[in-house]
Amino acid sequence: MARAAASARPPVTPAGPLRPLLRLRHLPDRALASVRKVLDEDELLRSVVAAATTEELVGRASWLYLQRPAGWETALEAEVGAQREADAVAEESRSAATASRRLASVEDALRRTEADAMALRVEVAELKGRLAEERRARRAADTDAGRLRRRLADLEAVPEGGDVREERDRLAERVRQLELAAPAAPPPPPAPA
């Protein structure tokens, strides 16, 4: 209304606190205190604004404030109280919904983490089995190599003959093959977290 009055012919100069607000497309919440103060102080402006609005257009609380029927202050307090209660219930509902979504998200993350942990336990068990198998194979290869070394040492103590040399060379080659084929014992797997 103040904007319309300022652009009328002849223009009606709005109250001082309203002038900077006329340039804004939308009033920020912080400007409402200035508008309320002007409406309280300028009866003519308030009555013009009241005449240009309806309860459906501005809401019950604003309509009471502008129209000021008998008992309007009590009715306005009741309306503001009811709106605060409705806002509190709505906020509580939003908070509950947010908490529910967060809880569902945490539960989902927990399920995924538990599944990952189970998969890791299975993998660790498999790795432990393979490690035990590798260690058994290594011990068997070490035992065979030791037996063959002793046999080789026994053969080296015997005076050389054709059969002994061939047997010794064959055993030396077999020991070398066992040593090359036996993998180094892998380190133990890390403890599961």
* Asked: Around Arg19, counting heavy atoms of other residues, nucleotides and ligands shown, do more than 12 lie under 6.0 Å from its CZ?
  -> yes
* Kindly write out the residues that satisfy side-chain contact (heavy atoms from CB on, under 4.5 Å) with Glu91, not counting sequence neighbours, or none if the list is empty. => Arg94, Ser95
* Asked: For Glu77, which residues count as a side-chain contact (heavy atoms from CB on, under 4.5 Å) partner, sequence neighbours excluded?
  -> none
* May I ask you to test the Leu21-Leu18 pair for a side-chain heavy-atom distance under 4.5 Å? => yes
* To do: For the residue pair Leu39 and Tyr65, establish whether any side-chain heavy-atom pair is separated by less than 4.5 Å.
  => yes
* Asked: Going only through I, L, V, M, F, W and Y residues with side-chain contacts under 4.5 Å, is there a path from Val48 to Leu22?
  -> no
* Asked: Between the side chain of Thr113 and the main-chain N/O of Ala109, is any donor-acceptor distance below 3.5 Å?
  -> yes
Just verifying a value: how many Å separate [X] [atom1] and [Y] [atom2], rounded to the nearest 0.5 Å?
X: Arg149; Y: Arg174; atom1: CZ; atom2: CZ; answer: 12.5 Å
X: Leu64; Y: Glu73; atom1: CG; atom2: CD; answer: 11.0 Å
X: Leu32; Y: Ser34; atom1: CG; atom2: OG; answer: 9.0 Å
X: Glu85; Y: Asp87; atom1: CD; atom2: CG; answer: 10.5 Å

* Asked: Would Thr98 and Arg101 count as having a side-chain donor-acceptor pair, cut-off 3.5 Å?
  -> yes
* To do: Tell me yes or no: between the side chains of Gln177 and Glu173, is some donor less than 3.5 Å from an acceptor?
  => yes
Looking at [X] and [Y], what are the two nearest heavy atoms and their distance?
X: Pro28; Y: Leu24; value: CD-CD1, 3.7 Å
X: Ala50; Y: Leu66; value: CB-O, 3.7 Å
X: Leu76; Y: Ala61; value: CD1-O, 3.4 Å

* Salt bridge flag under 4.0 Å for residues Arg112 and Asp108 -> yes
* To do: Would you mind checking if Arg36 and Asp40 are paired as a salt bridge, meaning a charged N to carboxylate O distance below 4.0 Å?
  => no
